[in-house]
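What follows is a short report on a single structure.
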Amino acid sequence: MISKAKVGSEELNSSFEKLLMVAAGNSGVRVRMEGAVITDWKDIPMELLLRIVSLVDDRTAIVASGVCCGWRDAICFGLTQLSLSWCKKNMNNLVLSLAPKFTRLQTLILRQENPQLEDNAVEAIANFCHDIQELDLSKSFKLSDHSLYALARGCPNITKLNISGCTSFSDGALEYLTNFCQKLKILNLCGCVKAATDRALQAIGRNCKRLQSLNLGWCDNVGDIGVMSLAYGCPDLKCLDLCGCVRITDDSVIALADKCLHLRSLDLYYCRNITDRAMYSLAHSRVNNKPSLWQSMKGRYDEEGLRSLNISQCTALTPSAVQTLCDTFPALHTCSGRHTLVMSGCLSLTSVHCACAVQAHRTLNTIPHTAH
């Protein structure tokens, strides 16, 4: 584990050998540059060092940054992406030691199998890494609202944030975050039951106009007020996961169909209040809302409109409504190997098929049987 302690010589030598192997294409030969043979880690020019570091794993890059002041400055300045998901313990201390050095980070992945991160680590990131654009804090069960407050103040350029499974965050803290992080495009709130409420979604709709993807899976405090606010405030929304949001009704889907003209993926798993009315609104949106768009996109017809829809366990739906939707959007498939229209648990919808599945069935029936 790399910490504030000085890196041992054996680890440096091992990392140096690994760096040279990458530079030599793993051929085992020594690296030559401008006639000089590189036999010691101090000989590597900064340009080559940065090129090599971009190819090795993140742990090796961290070790290399501890070789000397020159290497530290070069790597800390040049490294923009870092993942610490390989760290199985003491990730919190590692982040505390690295944040003041890696101030140019734009992408930081801190996904954990076991919760390690605490608020002081996130606060260190917010204090030193102001260029962060993508941050993954998923399954950080120990984090509190203090982390979101710190990110709001220190990382206003975040465009992609994953806090799925962070069950301690409140909707007030999430609302505060959206007031400052208005560049958000991708937000994962799956399992954030306390944070993902109608109040928070109203704030997202009000502040995050560029949002394109939102995961609200299993956030059962989400209702129509929140989703409708989202639909009216985030016209660029392309992907929305509402699985397990049992309180929403047709009104949410109708608002999405009417206002989110770029919607490509919608997950309504277990939303049992959804009826045929919602399906017909999605189908009609293609004709009513975008006639000029369809004309300009003739060459990419199948790419427009819904390409993925999950209505599993939506048991109130009937075959006629779902078939109308399937016929309207050619990218929705029920055929084997594609299944972009998922209907598991809806026994009444077994008669719904996409165009290519119907064609395959007709072709099979027209093949003459060979006499035996």
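What's counted below: heavy atoms across the whole structure, side chains too, no hydrogens, waters or symmetry copies. Throughout, numbering of the chain's residues begins at 1 and tracks the sequence.
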Side-chain donor-acceptor contact under 3.5 Å, S83 with D58
no
Report the C-alpha separation of S320 and Y280 in whole Å, then their side-chain angles, then the decisive distance to 0.1 Å, and conclude whether the side chain to side chain contact (heavy atoms under 4.5 Å, CB included) test is met.
CA-CA 10 Å; S320 58; Y280 285 121; 3.5 Å; yes
Could you give the distance from CG (L268) to CE (M279), rounded to the nearest 0.5 Å?
6.0 Å
Heavy-atom check, side chain of L240 versus side chain of L230, under 4.5 Å:
yes
If you look at every heavy atom in A331 and L306, which pair is closest and at what distance?
CB-O, 3.8 Å
At what distance, to the nearest 0.5 angstrom, does OG of S170 lie from CG of D145?
3.5 Å
Kindly work out whether a path of hydrophobic side-chain contacts (I/L/V/M/F/W/Y, heavy atoms less than 4.5 Å apart) joins V222 to I254.
no
Take T159 and E134 through the test side chain to side chain donor-acceptor pair (under 3.5 Å) and record every step on the way to the result.
CA-CA 6 Å; T159 59; E134 299 184 15; 5.2 Å; no
Any R199 side-chain heavy atom under 4.5 Å of E175 side chain
yes
Do any N or O atoms from the side chain of D250 and from the backbone of T275 form a donor-acceptor pair under 3.5 angstrom?
yes
Is a donor on one side and an acceptor on the other found under 3.5 Å between the side chain of T80 and the backbone of L105?
no
Going by atom types alone, do Q112 and S140 pair a side-chain donor with an acceptor below 3.5 Å?
yes
Using a 4.5 Å cut-off on heavy atoms from C-beta on, say whether the side chain of C181 contacts that of L151.
no
Assess whether a salt bridge exists between D251 and R277, defined as any Lys/Arg side-chain N lying under 4.0 Å from an Asp/Glu carboxylate O.
yes
Not counting sequence neighbours, list each pair that qualifies as a side-chain hydrogen bond (donor to acceptor under 3.5 Å, both in side chains) and has a residue in residues 231-243.
none
Within-4.5 Å side-chain heavy-atom neighbours: V322 and T318
no
Below 4.5 Å, heavy atoms only, C-beta onward: do K101 and R72 meet side chain to side chain?
yes
For T324 and A283 the tightest heavy-atom approach is CG2-CB, 4.1 Å
Without swapping roles, check the side chain of S344 against the backbone of S312 for a donor-acceptor pair under 3.5 Å.
no
Can you check whether G205's main-chain N or O pairs, donor with acceptor, with K209's side chain at less than 3.5 Å?
yes
With a 4.5 Å cut-off on side-chain heavy atoms, are I248 and N273 touching?
no
Residue pair S65 / F102: nearest heavy atoms and the distance that separates them
OG-CZ, 3.9 Å
Would you mind reporting whether R247 and D198 have side-chain heavy atoms less than 4.5 Å apart?
yes
With no hydrogens and no angle check, is any side-chain donor or acceptor of Q202 less than 3.5 Å from a backbone partner on G226?
no
Of the options L177, I186, D136, which is the one that meets L161 in a side-chain contact (heavy atoms from CB on, under 4.5 Å)?
L177
Contact check, side chains of L143 and L117, non-hydrogen atoms, under 4.5 Å:
yes
Any side-chain donor-acceptor pair under 3.5 Å between D327 and Q323?
yes
Nearest heavy-atom contact between H130 and N127 is NE2-O, 3.0 Å
Indicate yes or no: does K139 engage E113 in a salt bridge with an N to O separation below 4.0 Å.
no
If we ignore hydrogens and angles and just use 3.5 Å, is the side chain of R264 paired with the main-chain N or O of S308 as donor and acceptor?
no
If you draw a 6.0 Å radius around CZ in F141, do more than 12 non-hydrogen atoms from other residues or ligands fall strictly inside?
yes
Axial cation check for Y270 ring with R272, 6.0 Å and 45° limits:
yes
In terms of hydrophobic clustering (I, L, V, M, F, W, Y; side-chain heavy atoms under 4.5 Å; direct or indirect links), are L317 and L266 co-clustered?
yes
Angle between ring planes, Y149 versus H146, binned at 30° and 60°: parallel, tilted or perpendicular?
perpendicular
Rounded to the nearest 0.5 Å, how far apart are CG of L148 and SG of C166?
8.0 Å
Under a single-linkage definition using a 4.5 Å side-chain heavy-atom cutoff for Ile, Leu, Val, Met, Phe, Trp and Tyr, are L82 and L94 assigned to the same hydrophobic cluster?
yes
What distance separates C219 SG from K194 NZ, expressed to the nearest 0.5 Å?
13.0 Å
Is there any side-chain hydrogen bond (donor to acceptor under 3.5 Å, both in side chains) pair reaching into residues 218-230, and which pairs are they, with sequence neighbours excluded?
D224-T249, D224-S252
Could you walk me through whether V352 and M343 pass the side chain to side chain contact (heavy atoms under 4.5 Å, CB included) check?
CA-CA 9 Å; V352 175; M343 305 176 291; 4.2 Å; yes
What is the distance from atom CG of L341 to atom SG of C326, rounded to the nearest 0.5 Å?
5.5 Å
Would you say I109 has more than 12 foreign heavy atoms packed within less than 6.0 Å of its CD1?
yes
Any donor-acceptor pair under 3.5 Å from H262 side chain to L237 backbone:
no
Compare every heavy atom of C155 with every heavy atom of C129, then report the nearest pair and how far apart it is.
O-SG, 3.5 Å
Hydrophobic cluster membership, L189 vs Y269, 4.5 Å side-chain cutoff:
no
Roughly how far apart are Q182 CD and N207 CG, rounded to 0.5 Å?
5.0 Å
Measure from the side-chain N and O atoms of D119 to the backbone N and O of S144, and report whether any donor-acceptor pair falls under 3.5 Å.
yes
Test log, rule side chain to side chain contact (heavy atoms under 4.5 Å, CB included), inputs S281 and V253
CA-CA 8 Å; S281 70; V253 180; 4.2 Å; yes
State whether the side chain of T60 and the backbone N or O of V56 hold a donor-acceptor pair below 3.5 Å, judged by distance alone.
no
Answer with yes or no whether the hydrophobic clustering places L256 together with M228; edges join I, L, V, M, F, W, Y residues whose side-chain heavy atoms lie under 4.5 Å apart.
no
Ignoring hydrogens, what is the shortest heavy-atom contact between A200 and L174? Give both atom names and the distance.
CB-CD2, 3.7 Å
Are N92 and N120 close enough that a side-chain donor and a side-chain acceptor fall under 3.5 Å?
yes
Pair I132-N157, side chain to side chain contact (heavy atoms under 4.5 Å, CB included): steps then yes or no
CA-CA 6 Å; I132 287 289; N157 296 314; over 6 Å; no
